[in-house]
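Structure, as structure tokens:
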Amino acid sequence: MVGTQDGATSPKSVHHVHQVHQLQDPESLSSSSGSDNSASSSSSSSGTGTPNVANSATILIATDHPDAPLPEVTLVEALEADSSPPTPRFIQDAGSWKRWKWVPYPVRRSIVAVIRWAHGPVTPQRFRIKPLFPSVQYAPILMLEKKFPRLRHRLWLLFFWIAMWIITFALVMRKELDVDEIPGWGRPVSIGCGAAYWEMDNGCGLKGMQCRPFTNSGFAFKCPANCASYQALNPRAVGDQEVVYRPLIVGGPPATGDDITPVYRGDSYLCGSAVHAGVVSNAHGGCGVVRLIGTQRNFSSSDRNGIESIAFDSYFPLSFTFEEGVECSAKDMRWALLAISVVFSTVLSVLITSPHLFFFPVFTVIYWTVGLATDPANITDVPSLISRELGSFLPAILAAWVMYDHMGIRRSLTGLTAQFEKTVLWLGGCWVGALTNYTFDFIPIQRLTPHDLAQQPGARAALAIIIIVLTVIMASQVWFFRQEGRLVRYLKFYTIVGAGLILCAILPDLKLRIHHYILALLLLPGTSMQTRPSLLYQGLLVGLFINGIARWGWDPVLQTAYALQGDAQLGSPLPALAAPVISLGTNISSITFTWGKPPGSVYDGISVLVNDVERFRTYFSSDEFDKNAPSNFTWTREGEEVGRDNEYFRFAWMQGYKSEDYTKAGVWTKEGEWIGMAPGPSRVNKRGLVGVVEEEEEEGRRRLA
């Protein structure tokens with residue numbers, strides 16, 4: 001400070017010194033006061049305007065306080081303090097990229113920018129849902145606390161509510177099991193939607209011996225609901241037609257004439273045929289009586305009760321119809337059981353704020369509702385069904401705890417007081433995911449396997465749409481994670497998951513299959529935040545997980561090709577046939593088929609189907625037992641059979657008692673003409689055999705030519 005000429009201290013300087021004293025800490029307040037007093041007395045006694053040096057030092061030290069005025073620094077002092085020129089940014093960044101100098105600088109700069117963006121804002125924010133109309137959403141909570149102020153009372157109320165659900169669910173389910181006997185037929189037998197008299201290809205044996213009797217038999221049956229949606233997922237032959245992704249129902253009443261008795265081919269689904277004929281309801285199931293009526297011909301096609309049946313213009317040895325005038329009280333109670341569980345879970349969601357007291361009871365209720373009512377496994381015996389579901393439930397509840405504690409469910413539900421929004425978004429989404437057999441039934445994708453995606457019409461387009469929707473959802477979730485500062489951690493997690501899936505996909509002799517529950521577990525961590533979209537996604541994924549386990553069990557993520565194949569085509573070689581020899585007459589006609597050498601020593605026989613029934617089987621091994629085996633097959637028409645029906649022939653190589661793929665059907669028309677079968681696949685799925693098979697098959701074709 002500079003004093004005035006008359007020896008008095010300037011008002012500005014005095015004011016500044018006073019501010020410095022106020023900024024000192026309490027411990028040095030007394031010493032500072034003493035210094036100031038001595039400085040003042042010295043100044044006044046000497047009569048000069050220059051303050052004491054100690055006083056000046058006190059002022060400089062006090063500027064270290066954050067609220068003190070900054071000292072004035074001249075430009076010369078700043079240049080003397082740092083005389084080195086500033087380092088350019090690209091040189092600073094080059095130090096951290098010494099091992100990656102081959103990466104162009106613009107690319108490095110973009111990578112650094114992306115990494116900085118991914119780390120999120122400096123001050124991350126955790127999203128919390130602020131309830132819409134809070135007074136309305138808080139009302140159930142306040143009412144419960146007012147009526148039951150003690151925690152012990154509220155826990156007893158929860159146990160009582162759970163017990164009420166168990167008792168009500170059991171009583172309604174017992175009512176479904178109580179079925180009155182049908183006079184003359186006895187108590188109806190529960191059957192699944194895929195039950196049929198006849199098995200595919202040669203499953204019934206030569207001339208159908210293993211599926212007898214063909215007539216004068218029948219039984220009372222009971223069908224579940226929703227059998228109209230049960231479809232053949234792999235191609236099934238009906239004459240020269242291939243039926244896939246539709247109900248296998250051949251015949252029925254014609255399109256005109258309701259009073260005509262419906263007749264169905266023996267390989268038709270019984271329950272689907274009953275729905276088509278109007279015997280049972282697709283929505284509620286029901287019961288009836290089926291009766292075998294032996295060989296029938298000319299099965300007509302019609303569209304009834306939401307099912308279009310398939311026509312067949314020839315004969316079949318086993319056919320059936322339904323008895324008329326049968327009264328039965330059986331009814332599928334799945335919708336009543338679903339209503340009970342929905343009401344229970346809704347009340348629980350509205351009244352409970354505790355995350356674990358809400359999640360685990362709801363998970364349990366939805367699991368048993370799916371497993372026993374809305375989408376049960378194909379087990380008609382209720383005790384066996386309960387045993388099966390209990391075996392899957394114990395590991396499922398353990399997985400539920402992992403999902404709750406380590407995969408984001410606890411984070412999403414903790415502190416959430418928007419009771420009605422939670423009920424609509426999370427619980428509603430969970431029920432939608434758990435009822436995928438109804439809610440997502442319109443999507444033309446049955447299994448996420450390359451075979452099914454290539455075979456099912458519309459599957460690839462549907463998958464593309466699903467991928468686009470998931471991409472949009474993932475982009476929005478990425479933004480939310482960035483705002484919370486957790487994006488980098490989750491990107492690392494999903495990078496590891498993606499690498500693991502790629503590794504599983506390239507493993508030899510194993511196929512990667514993404515089941516319902518696997519898809520839910522993969523996507524669930526991406527919903528671990530409290531936003532309204534995340535609540536919906538999370539509930540949907542939890543429901544998808546429940547449906548996958550309750551319906552299909554813990555299928556492995558890696559499966560063999562044989563396990564995934566089921567009753568699909570094997571891709572095996574097909575017999576090469578010479579042109580058939582046809583003999584036509586007035587009272588008798590015949591057609592003779594000759595085949596070439598089998599492609600490989602693994603095939604030791606041939607099977608022939610006529611109208612989808614095995615009519616001929618022979619073996620041609622080098623064993624003495626087979627030395628007189630026939631080398632051709634002759635089929636005859638006699639008497640009134642001449643010129644009556646078209647007949648369909650299919651051929652397949654045999655491995656012991658098992659048949660391989662059958663050819664497509666060739667047609668011997670009722671006029672006596674032969675229409676050759678369309679070409680089919682000619683490869684096998686066995687290592688080391690493909691080349692041999694192709695060479696021997698080509699040799700067989702040349703010899704026949």
Side-chain angles (χ1 to χ4, degrees), residues 158-159 161-174 176-177 190 192 224 332-334 336-346 348-349 352 354-410 413 426-427 429-439 513-522 524 538-557:
L158 174 62
F159 294 150
W161 189 241
I162 294 175
M164 287 295 297
W165 172 78
I166 295 174
I167 295 173
T168 308
F169 194 92
L171 291 176
V172 174
M173 191 169 183
R174 181 179 179 181
E176 177 183 349
L177 300 177
S190 296
D332 193 314
M333 302 299 294
R334 67 179 60 193
L337 295 172
L338 175 62
I340 292 171
S341 298
V342 168
V343 170
F344 169 83
S345 59
T346 301
L348 207 64
S349 176
I352 289 184
S354 172
H356 55 277
L357 291 180
F358 162 74
F359 173 72
F360 289 101
V362 166
F363 182 94
T364 302
V365 167
I366 297 179
Y367 176 90
W368 286 103
T369 303
V370 172
L372 298 180
T374 60
D375 197 8
N378 290 326
I379 300 176
T380 57
D381 182 19
V382 174
S384 300
L385 179 62
I386 294 176
S387 176
R388 186 254 186 198
E389 295 299 336
L390 186 61
S392 298
F393 175 72
L394 296 179
I397 201 67
L398 177 61
W401 176 82
V402 175
M403 293 158 56
Y404 172 80
D405 202 49
H406 298 284
M407 302 181 73
I409 295 179
R410 181 200 293 268
L413 298 179
W426 199 99
L427 182 62
C430 191
W431 276 114
V432 170
L435 299 173
T436 51
N437 55 322
Y438 296 99
T439 54
R513 183 180 175 187
I514 305 299
H515 300 275
H516 290 63
Y517 76 96
I518 295 294
L519 183 64
L521 292 177
L522 290 177
L524 195 60
Q538 191 175 97
L540 190 66
L541 292 174
V542 171
L544 200 64
F545 174 86
I546 293 173
N547 180 270
I549 300 301
R551 176 61 180 88
W552 306 104
W554 295 91
D555 279 353
V557 66

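For reference, positions follow the sequence shown, starting with 1.
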Point-to-point distance, once rounded to the nearest 0.5 Å, from CD of Glu389 to CD1 of Ile379 = 7.5 Å

Does one side chain, of Ser345 or Trp431, offer a donor that lies under 3.5 Å from an acceptor on the other?
-> yes

Decide if the gap between the ring center of Trp368 and the ring center of Phe169 is smaller than 6.0 angstrom.
-> no

Donor-acceptor under 3.5 Å (Trp161 side chain, Phe344 main chain) = yes

To the nearest 0.5 Å, atom CE of Met333 lies from atom CG of Leu171 at 11.0 Å

Where is the tightest heavy-atom contact between Phe359 and Ala400, given as atom of each residue plus distance?
-> CE2-O, 3.5 Å

Does Ile518 reach the side chain of Arg513, with side-chain heavy atoms less than 4.5 Å apart?
-> no

Leu413 vs His356, side-chain contact (heavy atoms from CB on, under 4.5 Å): CA-CA, chis, key distance, verdict | CA-CA 9 Å; Leu413 298 179; His356 55 277; over 6 Å; no

Could you check if a side-chain atom of Leu158 sits within less than 4.5 angstrom of a side-chain atom of Leu348, using non-hydrogen atoms only?
-> yes

In short, Leu337 meets Thr369 closest at the heavy-atom pair O-CG2, 4.4 Å

Would you check if the side chain of His515 reaches a backbone N or O of Pro556 as a donor-acceptor pair within less than 3.5 Å?
-> yes

Any side-chain heavy atom of Val382 within less than 4.5 Å of one from Met173?
-> yes

Taking all heavy atoms of Pro376 and all of Arg334, pick out the closest pair and write down the distance.
-> CD-NH2, 4.4 Å

How many angstroms lie between CD1 in Ile546 and CD1 in Ile366, if you round to the nearest 0.5 Å?
-> 5.0 Å

Here the pair of heavy atoms bringing Arg551 nearest to Asp375 is CD-O, 3.0 Å

Side-chain heavy atoms of Leu524 within contact of Phe545, under 4.5 Å = no

Within a strict 4.5 Å, meaning less than it, do heavy atoms of the Ile397 and Tyr367 side chains meet?
-> no

Measuring from Met407:CE to Gln538:CD, what's the distance to the nearest 0.5 Å?
-> 10.0 Å

For residues Trp554 and Ala399, report the shortest heavy-atom separation together with the two atoms involved.
-> CH2-CB, 4.0 Å

Hey, are Trp165 and Ser341 close enough side-chain-wise for a donor-acceptor pair under 3.5 Å?
-> yes

Determine yes or no for a side-chain-to-main-chain donor-acceptor pair under 3.5 angstrom, with Arg410 supplying the side chain and Tyr404 the backbone.
-> no

Quick one: are Trp552 and His516 in side-chain contact, heavy atoms under 4.5 Å?
-> yes

Which atoms form the tightest heavy-atom contact between Ala377 and Leu385, and what is the distance?
-> N-CD1, 4.0 Å

Assess whether ring pair (Phe, Tyr, Trp, His ring centres under 6.0 Å) is satisfied between Phe360 and Trp401, documenting all intermediate values.
-> CA-CA 8 Å; Phe360 289 101; Trp401 176 82; 8.5 Å; no

Could you tell me whether the side chain of Asn547 and the main chain of Val370 form a donor-acceptor pair under 3.5 Å?
-> no

State, with a plain yes or no, whether a side-chain heavy atom of Leu338 is found less than 4.5 Å away from one of Leu435.
-> yes

Under a 4.5 Å cut-off applied to non-hydrogen side-chain atoms, are Val172 and Ile340 in contact?
-> yes

